Every structure is written in structure tokens, then in C-alpha cells.
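All residue numbers refer to positions in the sequence shown, counting from 1. Just the heavy atoms: all of them, side chains too, but no hydrogens, waters or symmetry mates, feed the values below. Everything quoted here is computed from the prediction, not taken from an experiment.
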Amino acid sequence: MALPVSPQETVAELAQEADRVVCLSQPEQFHALNYHYLRFPQLSDSDVAAAMDEAVRSQKAGQHRSAQHAVGDGSKTRDNREK
């Protein structure tokens, strides 16, 4: 698991669950996540749902392109084998 910033206690808890935890900053006094960003706007539920839907569509499109590439990469299929 990778985190840009987190309270030290949270990193310790995550380390018990994850294989590896990398955290770039663990300030002694962690008040709120938005203190560590220049711009941290509030998102609505619909904003988050739309972002998640887009991520799923992008992932599926990437898997589709990878499958097409694997077939067209010079490997032989049953109908396209060398004679």
C-alpha cells in the first residue's frame, strides 16, 4: 500500500494488514489530510461515483487492447499457423 501522507498510528495499523506500506510523510501532529495539499476540494458522492465508473471503463478498455495485442503479436493461432 502506498500513501502520500498519513498519521504514524495509521501506518502502523496498515503494516499489520498489508504486505508492504510506503508512506512519504508521517508528521508527528497530523490534523487533517487537506492540510497537506494546496488544493483539496470537497467531492460529492456523484463525483466519486463518476470517477470510479471512468476507472472501470478505462481498465476494461486497457484489458481489451492487451488482448488484441496478444493475438496480433506474431504468435500463431489455430487458424493462422505456419504451414
Student: With sequence neighbours excluded, give me every salt bridge (charged side-chain N to carboxylate O under 4.0 Å, His left out) pair touching residues 42-58.
Tutor: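 Listed once each, the pairs are E54-R57.
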Student: Testing the basics here: between P27 and S6, what is the closest heavy-atom pair and its distance to 0.1 Å?
Tutor: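 Heavy atoms of P27 and S6 come nearest at CD-O, 3.9 Å.
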Student: With clusters built from Ile, Leu, Val, Met, Phe, Trp and Tyr whose side-chain heavy atoms come within less than 4.5 Å, directly or transitively, what are the remaining members of the cluster of Y35, listed by chain and number?
Tutor: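 None, because no other hydrophobic side chain comes under 4.5 Å of this residue.
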Student: Given side chains that start at C-beta, do those of V56 and M52 come closer than 4.5 Å, heavy atoms only?
Tutor: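 Contact flag for V56/M52 side chains = no.
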Student: For C23 and S25, work out which heavy atoms get closest and say how close.
Tutor: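 C23 and S25 have their closest heavy atoms at SG-O, 3.2 Å.
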Student: Quick one: side chains of residues 10-21, donor-acceptor pairs under 3.5 Å with protein atoms, not counting sequence neighbours, listed by atom name and distance.
Tutor:
none

Student: Starting from V22 and following side-chain heavy-atom contacts under 4.5 Å between hydrophobic residues (I, L, V, M, F, W, Y), which residues can be reached?
Tutor: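 When side chains under 4.5 Å apart are linked, V22 ends up in no cluster with other residues.
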Student: Which Ile, Leu, Val, Met, Phe, Trp or Tyr residues join Y37 in one cluster when any pair of side-chain heavy atoms under 4.5 Å counts as a link?
Tutor: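 The other cluster members (ILVMFWY side chains, heavy atoms under 4.5 Å, direct or chained) are V5, F30, L33, F40.
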Student: Once rounded to the nearest 0.5 Å, what's the spacing between atom CD of E9 and atom CD of Q26?
Tutor: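 Output value for this atom pair is 9.5 Å.
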